[in-house]
**Q** 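Structure provided below as structure tokens; questions to follow.
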Amino acid sequence: MSKIQKIKGVADMYPPESTTFAHLEETARKVFSRYGYQEVRLPLMEPTQLFSRSIGEETDVVQKEMYTFPDRKGRSLTLRPEATAGMMRAYIENGLYSPGSVHKMFTFGPMFRYERPQKGRMRQFHQLDVEMVGATEPQADAELVLMLSTYLRTLGMRQLTFEINSLGCRTCRPRHRAALDAFFAALPGFDELCDDCKRRAASNPLRVLDCKVPRCRELTANAPVIEEHLCADCAGAYAEVQAILAAAGVEYVKNPRLVRGLDYYVGLTFEVTSTDIGAQTAVAGGGRYDGLVAQLGGPDVAATGFAIGMERLALLVPPVGQPAPDFFIAVLDPAAPSPALALAQELREAGLIGETGFASGSMKSRMRAADRSGARWCLLLGGQELADGGVTLRDMHSGEQRTLPRAEAVALLAGRG
């Protein structure tokens with residue numbers, strides 16, 4: 001029979017990659033909990049309408065990248081392409097809102113987008129997603145950015161740059177939209193824009209600024225800047241965030257073309273890049289999305305958050321080593337495998353890391369196996385040890401060995417002897 005192979009754009013993950021991912025997750029739990037965030041788990045599938053209503057019909061994600069299919073009752077379902085919409089759906093459905101309450105949540109897991117697979121970007125990829133719902137103050141935005149900076153630096157990343165922008169609110173966004181409409185109506189060379197930008201110029205002109213096609217960027221270089229159209233509240237909040245970041249020593253640059261790829265963003269938006277591996281690489285991005293909860297049928301509450309692509313992040317963080325084993329039990333007698341397993345269990349319950357070579361063999365072959373394991377201690381179980389109730393303990397660093405009663409050997413390795 002032919003072999004069954006994995007689907008293009010997905011990956012099997014073994015150590016050291018899986019070890020690195022576990023490290024990213026555990027570090028997130030430790031850092032985010034200091035800021036009052038709690039972990040949640042969400043479904044991988046959601047109703048398609050959740051994403052079309054939240055992300056936006058004109059986005060590449062909805063138009064080109066989602067894995068959408070009917071279930072057996074004909075309902076349209078989608079494998080989640082991002083986590084924020086699902087987080088907000090769960091927030092609403094579980095009734096977490098109440099006047100004045102602030103909810104801080106994070107999750108991580110696989111997301112799905114149909115795009116060309118490349119290093120650090122797969123069709124099944126993993127994101128770390130953070131959301132704060134209910135806080136309107138600019139200090140909440142600043143705290144979120146500071147927490148992200150702390151997390152990345154805890155992972156060992158140093159060459160970080162935060163790009164920030166403000167996308168305005170319901171009051172000032174229309175003024176910028178009108179200025180963009182007038183700009184594109186009078187733009188010489190409009191026909192030279194890519195097909196996506198021509199379409200977006202009519203439906204969502206702000207998204208044209210996000211295009212990466214060089215000619216499009218050249219033609220729109222003088223497009224109206226939203227900062228010039230901000231209302232007093234948005235301008236004040238944007239200035240406050242900048243002051244807090246500067247006081248905390250977080251380096252940032254203002255990028256008026258930073259609009260992100262999803263329609264629900266308003267107010268502060270940001271992206272983090274790193275040069276830790278040479279070329280500038282995007283690491284994380286996020287911002288404020290007040291109004292999204294109401295758009296999905298919930299109350300009109302403020303919200304802000306960010307997401308990190310874990311495959312990309314795993315390429316940037318310093319290597320994470322597996323913990324060295326404490327012991328290896330070498331079986332030297334055919335009757336020793338079961339006693340060896342009992343001894344290994346006792347050592348593991350004492351907090352030690354190690355394994356047992358269940359197959360019996362010569363001293364030479366068993367010592368080679370112990371050496372390959374990298375363990376500090378080798379415990380030898382042969383006929384004599386079984387008869388006496390003892391263990392021969394060999395220090396793999398010094399080569400010294402001695403025979404001890406089993407209880408003394410366990411106490412010594414567990415640090416109680």
Side-chain angles (χ1 to χ4, degrees), residues 1-14 17-18 21-22 25 38-97 103 105-118 120-131 133 196 199-200 203-204 207 260-265 286 289 291-301 303 305 307-312:
M1 295 179 64
S2 61
K3 293 188 296 184
I4 298 175
Q5 296 183 316
K6 64 179 179 289
I7 301 167
K8 184 177 182 180
V10 305
D12 301 314
M13 194 178 296
Y14 292 91
E17 290 83 6
S18 58
F21 267 62
E25 294 168 357
Q38 296 181 317
E39 183 179 354
V40 299
R41 303 292 180 97
L42 299 175
L44 300 186
M45 293 186 298
E46 297 277 6
T48 301
Q49 190 181 23
L50 173 67
F51 303 112
S52 59
R53 283 173 57 180
S54 60
I55 297 174
E57 292 281 4
E58 292 297 320
T59 60
D60 286 347
V61 174
V62 171
Q63 293 217 344
K64 302 177 182 179
E65 298 174 1
M66 294 201 311
Y67 282 92
T68 297
F69 53 92
D71 69 4
R72 294 190 177 187
K73 292 187 177 180
R75 295 168 296 198
S76 183
L77 304 180
T78 295
L79 295 177
R80 62 183 187 186
E82 58 95 46
T84 296
M87 292 277 266
M88 297 306 100
R89 190 270 310 150
Y91 172 83
I92 297 167
E93 188 170 344
N94 291 283
L96 301 181
Y97 46 87
H103 283 268
M105 307 169 285
F106 72 95
T107 190
F108 28 65
M111 313 291 162
F112 305 86
R113 294 187 189 182
Y114 188 88
E115 53 188 343
R116 185 170 65 86
Q118 54 187 287
R121 179 173 297 191
M122 303 292 285
R123 289 174 178 171
Q124 177 181 312
F125 60 99
H126 297 76
Q127 275 190 350
L128 196 167
D129 188 82
V130 174
E131 318 288 352
V133 187
D196 284 340
R199 186 185 74 252
R200 291 168 180 161
S203 61
N204 189 355
R207 292 280 289 114
R260 307 292 298 152
L262 308 178
D263 283 356
Y264 52 63
Y265 283 109
Y289 46 93
L292 177 59
V293 176
Q295 186 178 329
L296 295 175
D300 191 7
V301 296
I308 302 176
M310 296 179 70
E311 278 82 0
R312 183 75 58 84

**Q** Taking salt bridge (charged side-chain N to carboxylate O under 4.0 Å, His left out) as the test, write out the residues that go with Asp12, two or more places apart.
**A** none
**Q** Around Tyr114, counting heavy atoms of other residues, nucleotides and ligands shown, do more than 12 lie under 6.0 Å from its OH?
**A** no
**Q** Between atom CD of Glu311 and atom CD of Gln127, what is the distance when rounded to the nearest 0.5 Å?
**A** 9.0 Å
**Q** Is any side-chain heavy atom of Val61 closer than 4.5 Å to one of Glu82?
**A** no
**Q** Flag the pair Met88 / Gln295 as yes when at least one side-chain heavy-atom distance between them is below 4.5 Å, and no otherwise.
**A** no
**Q** Identify the heavy atoms of Leu128 and Val130 that sit nearest to each other, and give their distance.
**A** CD2-CG2, 3.8 Å
**Q** Considering non-hydrogen atoms only, spot the tightest contact between Ile55 and Pro81 and give its length.
**A** CD1-CG, 4.0 Å
**Q** Would you say His126 and Pro110 make side-chain contact, with heavy atoms under 4.5 Å?
**A** yes
**Q** Determine whether Arg312 and Phe125 make a side-chain contact, defined as any pair of heavy atoms from C-beta on separated by less than 4.5 Å.
**A** no
**Q** According to side chain to side chain contact (heavy atoms under 4.5 Å, CB included), who are the partners of Leu77, at least two apart in sequence or on a separate chain?
**A** Met45, Phe69, Asp71
**Q** How far apart are the closest heavy atoms of Met111 and Ala83, and which atoms are they?
**A** CE-CB, 3.6 Å
**Q** Once salt bridge (charged side-chain N to carboxylate O under 4.0 Å, His left out) is applied, do any residues pair with Glu115, and if so which ones, sequence neighbours excluded?
**A** Arg121
**Q** Enumerate the residue pairs fulfilling salt bridge (charged side-chain N to carboxylate O under 4.0 Å, His left out) with a member in residues 39-52, sequence neighbours excluded, ordered by first and then second residue.
**A** Arg29-Glu39, Glu39-Arg41, Glu46-Arg89
**Q** Given 3.5 Å as the limit, does a donor-acceptor pair link the side chain of Thr48 with the main chain of Ser76, or not?
**A** yes
**Q** Looking only at atom types and distance, does a side-chain atom of Thr107 sit under 3.5 Å from a main-chain N or O of Val40, one as donor and one as acceptor?
**A** yes
**Q** Can you find a pair of side-chain heavy atoms, one from Ser54 and one from Thr84, that are under 4.5 Å apart?
**A** no
**Q** Is it the case that more than 12 heavy atoms not belonging to Glu17 sit under 6.0 Å from its CD atom?
**A** yes
**Q** So, using ring pair (Phe, Tyr, Trp, His ring centres under 6.0 Å) as the criterion, who are the partners of Phe112 when residues are at least two apart?
**A** none
**Q** Tell me the closest heavy-atom pair linking Val62 and Ser52, and the distance in Å.
**A** CG2-CA, 4.2 Å
**Q** Quick one: pull up OG1 in Thr78 and CG in Leu44 and give me the separation to the nearest 0.5 Å.
**A** 12.5 Å
**Q** Please name the pair of heavy atoms, one in Asp300 and one in Gly291, separated by the smallest distance, quoted to 0.1 Å.
**A** OD1-CA, 4.0 Å
**Q** To the nearest 0.5 Å, tell me how far Gln124 CD sits from Arg113 CZ.
**A** 13.5 Å
**Q** For Tyr91 and Tyr97, take the angle between the two ring planes, folded into 0 to 90°, and tell me which bin it lands in: parallel under 30, tilted 30 to 60, perpendicular over 60.
**A** tilted
**Q** Locate the shortest heavy-atom distance separating Pro299 from Val293; write the atom from each residue and the value.
**A** O-CG1, 3.3 Å
**Q** List the residues meeting salt bridge (charged side-chain N to carboxylate O under 4.0 Å, His left out) with Asp196, not counting sequence neighbours, and say none if there are none.
**A** Lys64, Arg199
**Q** Nearest 0.5 Å, please: how far is CE in Met87 from CE in Met105?
**A** 4.5 Å
